[in-house]
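These notes are about the structure you will find just below.
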Number of protein chains: 2
Amino acid sequence: MPDEPQDQHDSVGAWAKKYYLTSRALIESVLREHDLGPTQWYVLYQLANVSATKQRDLSQLLNIERATLSGVVATLVRKGLVAQVADEVDQRQRILSITDAGRALWAELPDPVGRATALSFDGVDAADLEVARRVLREATQRLVEHMAGPGSAGA
Amino acid sequence: MPDEPQDQHDSVGAWAKKYYLTSRALIESVLREHDLGPTQWYVLYQLANVSATKQRDLSQLLNIERATLSGVVATLVRKGLVAQVADEVDQRQRILSITDAGRALWAELPDPVGRATALSFDGVDAADLEVARRVLREATQRLVEHMAGPGSAGA
DNA sequence: GACGTTTCGTTTGCTACCTGACAATAATTG
DNA sequence: CAATTATTGTCAGGTAGCAAACGAAACGTC
């Protein structure tokens, strides 16, 4: 999505977008050197630092649709970084785990998210951060309520 | 891109992302009823409210890559909403203009961006908005400087 | 145990964004 | 003027997201 036309070009909303897209671009440029996308990185993060995880749970953890995760996992399996096996008990569910190759790759990966966050907010006044967080949280909440509520424009 | 794993799940960065994605979802759900994507809407906005525009200039205005715009324009041309003709003087450049059908459609479109912004921030304390805007602007600036600067990770 | 329902993952088809490579056209420069 | 370089748009390929539809498996209920 492009920037808003001039009008609201300097609003909180416009800057939230710009910030998000910029940090995303930074993260992606770092990960590109390792042929990974951000979502792939998150999956690896989860499997490497937490544990093997059911695909269904992972989609909730990452806040993405099953269908989307399905594709991401397929990519990681194709690259040999992740293994996907059916659960013994419930054959519908797939359990994801990191492979040796995946762990080897993970060991040499940077933490692009942590780096971007530090770069963005280290040294900023804590009270200001709190205000910014609250403004964005409340705005998001209003949007969510609006979508769930009246015309319920689906989404 | 999914949410960050728990750790930073409540940071300014995480909320900026959530806000952006939520407002985007709202905007898209409104535009979907008219079979338009947000980028298509912006192109129409520009052509309807400002003037015919060179494709090159438009990609800068909207902050998207030429290649991306190329596809969006192709879609709009296919729908008959936009006309694309080569510049008389410089045959490389394409000039975009809105068609009658495009203008007719535009007349009955809502302004989803304005609506989302109003919904998000109307009634919020002006000083808080200012703080939030400054925090995001400065963070974005730091990221941009970092990308342009040292390792110059391209992007 | 058989029939409907729910859950889970995949597939398909769409939008939208990126990069890298390419052809065509201009502009520059020897 | 010819050769190089820059600009513009497109195409190919990749990532990431969604919704809708589908099959397989599990569950519920009778």
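Throughout, a chain's letter reflects where its sequence line sits, starting with A, and its residues are numbered from 1. Treat the numbers as computed from the prediction; the structure is a model and nothing was measured. Side chains are part of it too, since the values below use all heavy atoms of this structure and drop only hydrogens, waters and symmetry mates.
Out of C/dG9, C/dT19, D/dT10, the shortest distance to the side chain of B/Gln55 is found at D/dT10. Closest approach to the A/Pro38 side chain among C/dT11, D/dT15, C/dG9 is made by D/dT15 (side chain taken as heavy atoms from C-beta onward). Relative to the side chain of A/Glu65, the nucleotides D/dA16, D/dT15, D/dA19 differ in distance, and D/dA19 lies closest.
Note on A/Arg66: a base of the nucleic acid sits closer than 4.0 angstrom, heavy atoms only. If you check every strand for non-hydrogen atoms under 4.0 Å, A/Lys79 touches sugar and phosphate atoms only.
Between B/Trp106 and B/Tyr45, the two ring planes are perpendicular [angle over 60°; tilted spans 30° to 60°].
A close approach under 4.0 Å does occur between a side-chain nitrogen or oxygen of B/Gln84 and OP1 or OP2 of D/dT10. Between B/Thr68 and C/dA16, a side-chain N or O to OP1/OP2 separation shorter than 4.0 Å is absent.
The interatomic distance linking A/Arg78 (CZ) with D/dT15 (C1') rounds to 11 Å, in whole Å. Remark: P of D/dG13 and CZ of A/Arg32 are 18 Å apart, rounded to the nearest angstrom. For the pair B/Tyr20 OH and C/dA16 P, the computed distance is 11 Å after rounding to whole Å. Atoms NZ (A/Lys54) and C1' (C/dT7) sit 13 Å apart, rounded to a whole Å.
For CG of B/Asp100, the number of neighbouring non-hydrogen atoms (other residues, nucleotides, ligands) closer than 6.0 Å is 12 at most. Within 6.0 Å of NZ in A/Lys54 there are 12 or fewer heavy atoms belonging to other residues, nucleotides or ligands.
Criterion: ILVMFWY side-chain heavy atoms under 4.5 Å apart, direct or through other members. Under it, B/Val77 and B/Ile95 are not part of a common hydrophobic cluster.
Contacts between residues 86-97 of chain B and DNA chain D, defined by a heavy-atom separation under 4.0 Å, are made by B/Arg92, B/Gln93, B/Arg94.
Ion pairing of A/Arg133 with A/Glu130 is present here, as a side-chain N (NZ or NE/NH1/NH2) and a carboxylate O approach within less than 4.0 Å.
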